[in-house]
Colleague: 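Mind looking over this structure? Questions follow.
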Amino acid sequence: PLYNISGSQYLGLLKFFNSYQRNNVLGKQELRAILSRRDIKPTDTELQQMIDSISVESSGISFQAFVDYISVSPRLRDQEKDYSAVFSIFDRSGNGEISRGELTIVLVKMGRRYTEANAILEACDKNKDGKIQYDEFIEVMKKKTFDDIDVKPIALGY
């Protein structure tokens with residue numbers, strides 16, 4: 001629900017899957033063939049771990065499991081929906097901004113320390129009004145790393 005796949009993307013995934021599948025799954029042999037085209041040579045154990053991490057069937061990856069896995073690629077996800085969904089978790093009052101209290105409640109429910117709210121506010125609150133507006137939140141979420149702010153990524157839902 002948080003990703004968009006166009007009809008042509010879906011058909012492309014289907015064509016790719018069908019070009020490698022055997023018995024309607026991508027097993028170890030098929031995954032090895034796909035990965036070897038990228039000069040990746042996983043062991044049998046690594047291939048089984050890949051299958052187990054994606055599929056409930058230990059024999060291989062079905063088309064649905066393949067689509068579900070590929071669809072979480074950042075290129076296919078609807079980032080605005082993702083950001084909005086995460087923001088709404090913190091914005092408990094629904095007023096379009098995250099207060100220190102709202103932030104603290106969510107952090108504590110996540111098993112974090114309530115004192116992390118100060119670090120997050122310091123990092124996100126660009127206009128220094130004591131609240132995090134959506135645009136401030138988005139700016140932080142779009143950063144590639146959290147190295148330049150003193151907040152652990154888990155505190156923001158990652």
Colleague: Between the side chains of Q48 and D44, does any donor sit under 3.5 Å from an acceptor?
Modeller: no
Colleague: To check you understand the geometry: which heavy-atom pair defines the closest contact between F137 and V86, and what is its length?
Modeller: CZ-CG1, 3.5 Å
Colleague: Please walk me through it: do D135 and K126 pass salt bridge (Lys or Arg N to Asp or Glu O under 4.0 Å)?
Modeller: CA-CA 10 Å; D135 62 323; K126 301 299 180 195; over 6 Å; no
Colleague: Between T104 and R100, is the side-chain contact (heavy atoms from CB on, under 4.5 Å) condition met? List the steps.
Modeller: CA-CA 6 Å; T104 301; R100 181 183 315 274; 4.1 Å; yes
Colleague: Identify the two heavy atoms, one from I89 and one from V106, that lie closest to each other, and give their separation to 0.1 Å.
Modeller: O-CG2, 3.5 Å
Colleague: Can you confirm whether the side chains of N118 and E122 place a donor and an acceptor under 3.5 Å from each other?
Modeller: no
Colleague: Please determine whether residues F90 and I138 belong to a single hydrophobic cluster, defined as Ile, Leu, Val, Met, Phe, Trp and Tyr linked transitively by side-chain heavy-atom distances below 4.5 Å.
Modeller: yes
Colleague: Give a yes or no on whether the backbone of D129 and the side-chain of D125 come within a donor-acceptor separation of less than 3.5 Å.
Modeller: yes
Colleague: Rounded at 0.5 Å granularity, tell me how far CG in L35 sits from CE in M50.
Modeller: 5.0 Å
Colleague: Shortest non-hydrogen contact from F66 to I61?
Modeller: N-CG2, 3.6 Å
Colleague: Would you sort out whether L47 and R32 count as a side-chain contact (heavy atoms from CB on, under 4.5 Å), showing the intermediate values?
Modeller: CA-CA 7 Å; L47 289 167; R32 183 176 280 117; 3.1 Å; yes
Colleague: Could you verify whether a donor N or O on one side chain and an acceptor N or O on the other, from S93 and E102, lie under 3.5 Å apart?
Modeller: yes
Colleague: I'd like to check the salt bridge (charged side-chain N to carboxylate O under 4.0 Å, His left out) partners of K28; sequence neighbours left out, ordered by chain and number.
Modeller: none
Colleague: Kindly say whether the aromatic ring centers of Y10 and F63 come within a distance under 6.0 Å.
Modeller: yes
Colleague: Ignoring hydrogens, what is the shortest heavy-atom contact between Q133 and E97? Give both atom names and the distance.
Modeller: NE2-OE1, 3.1 Å
Colleague: What heavy-atom pair brings L121 and G130 nearest, and what distance separates the two atoms?
Modeller: CD2-O, 3.9 Å
Colleague: NZ of K41: more than 12 outside heavy atoms within 6.0 angstrom?
Modeller: yes
Colleague: Give a yes or no on whether the backbone of N127 and the side-chain of E136 come within a donor-acceptor separation of less than 3.5 Å.
Modeller: yes
Colleague: Quick one: closest heavy-atom pair of I51 and S58, and the distance?
Modeller: CG2-O, 3.8 Å
Colleague: Would you mind reporting whether S84 and Y134 have side-chain heavy atoms less than 4.5 Å apart?
Modeller: yes
Colleague: Give the cluster check for V67 versus F17: same hydrophobic cluster or not, with ILVMFWY residues linked at side-chain heavy-atom distances below 4.5 Å.
Modeller: yes
Colleague: Just how far is it from atom SG of C124 to atom CD1 of I98, taken to the nearest 0.5 Å?
Modeller: 7.5 Å
Colleague: Look up atom OH in Y20 and atom CG in L26, then write down how far apart they are to the nearest 0.5 Å.
Modeller: 10.0 Å
Colleague: I'd like to check I132 versus I120 (side-chain heavy atoms, cut-off strictly below 4.5 Å). Are they in contact?
Modeller: yes
Colleague: Does any part of the side chain of I105, heavy atoms only, come nearer than 4.5 Å to the side chain of R92, both counted from C-beta?
Modeller: yes
Colleague: Can you check whether A65's main-chain N or O pairs, donor with acceptor, with S55's side chain at less than 3.5 Å?
Modeller: no
Colleague: Between F16 and V25, is there a shared hydrophobic cluster once you connect ILVMFWY residues whose side-chain heavy atoms come closer than 4.5 Å?
Modeller: no
Colleague: More than 12 non-hydrogen atoms from neighbouring residues, nucleotides or ligands closer than 6.0 Å to NZ on K128, yes or no?
Modeller: yes
Colleague: May I ask you to test the Q21-E30 pair for a side-chain heavy-atom distance under 4.5 Å?
Modeller: no
